[in-house]
Amino acid sequence: MIYFVGTPIGNLRDLSPRGRKILEEGEIIFAEDTRVGKKLFQLLQIPTTEKRFISFFEENAHRRLRELSPQFLKERKVVYISDAGMPGVSDPGYQLVQFCQ
């Protein structure tokens, strides 16, 4: 299953309780910038030791999608986050949505 989680744009309390739960349970984290994604997890005090962060940005989106299989998305808890705000609005998340469809 894949989840698209909106991330806080300035205030960590803007993250919904459900969004936090999904981040905690996610196994694979697609992020525009993995450094920014990991920093968010640190600020929220969510352990990252058992999570795999994968960069997914405009320049590598097509390559990443070729590496993905629909089965992979069905078998793992995958989360896509943008650097800030709602993924898929102004970042390469729309390509991931199209792939899933």
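This chain uses plain numbering: 1 for the first residue, then up along the sequence. All values below were derived from every heavy atom in this structure, side-chain atoms included, with hydrogens, water molecules and symmetry-related copies excluded.
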SG of C100 to CD1 of I2, rounded to nearest 0.5 Å, is 4.5 Å
Pair D14-I9, side chain to side chain contact (heavy atoms under 4.5 Å, CB included): steps then yes or no | CA-CA 8 Å; D14 288 341; I9 295 179; 5.8 Å; no
Apply side chain to side chain contact (heavy atoms under 4.5 Å, CB included) to the pair L65 and L96, showing each step before the final yes or no.
-> CA-CA 7 Å; L65 292 174; L96 194 51; 3.7 Å; yes
Measure the shortest side-chain to side-chain distance between V79 and K51 over non-hydrogen atoms and say whether it is less than 4.5 angstrom.
-> no
Side-chain contact, heavy-atom cut-off 4.5 Å: R35 with K39?
-> no
Can I22 be reached from L73 by stepping across I, L, V, M, F, W or Y side chains whose heavy atoms are under 4.5 Å apart?
-> no
Output for pair (L40 CG, T48 OG1), nearest 0.5 Å, gives 11.5 Å
Name the one of I81, V36, L12, L44 that satisfies side-chain contact (heavy atoms from CB on, under 4.5 Å) with T7?
-> I81
What are the two closest non-hydrogen atoms of F41 and L23, and how far apart are they?
-> CE2-O, 3.5 Å
Is the count of non-hydrogen atoms from other residues, nucleotides or ligands lying under 6.0 Å from E67 atom CD greater than 12?
-> yes
Report the residue from F53, F56, Y80, F72 that forms a ring-ring contact (aromatic ring centres under 6.0 Å, His included) with F30.
-> F56
For L15 and G6, the nearest pair of non-hydrogen atoms, with its separation, is CD1-O, 3.4 Å
R20 to Q45 - nearest heavy-atom pair and separation | NH2-O, 4.3 Å
Consider only side-chain heavy atoms of I, L, V, M, F, W and Y, link residues closer than 4.5 Å, and tell whether M1 and V78 are in one cluster.
-> no
Atom pair OG1 (T34) and CZ (R52), whose distance is rounded to the nearest 0.5 Å = 12.0 Å
In terms of heavy-atom contacts, does CZ of R63 have more than 12 from other residues, nucleotides or ligands at under 6.0 Å?
-> yes
Looking at OH of Y3 and NZ of K77, how far apart are the two atoms once the value is rounded to the nearest 0.5 Å?
-> 5.0 Å
P70 vs F99 side-chain heavy atoms within contact, under 4.5 Å = yes
Short N-O contact, E24 and K21, less than 4.0 angstrom = no
Path from V97 to I28 over hydrophobic side-chain contacts below 4.5 Å = yes
Closest non-hydrogen contact found for S55 with E32 is CB-O, 4.5 Å
Nearest heavy-atom approach of A84 to P8 is CB-O, 3.9 Å
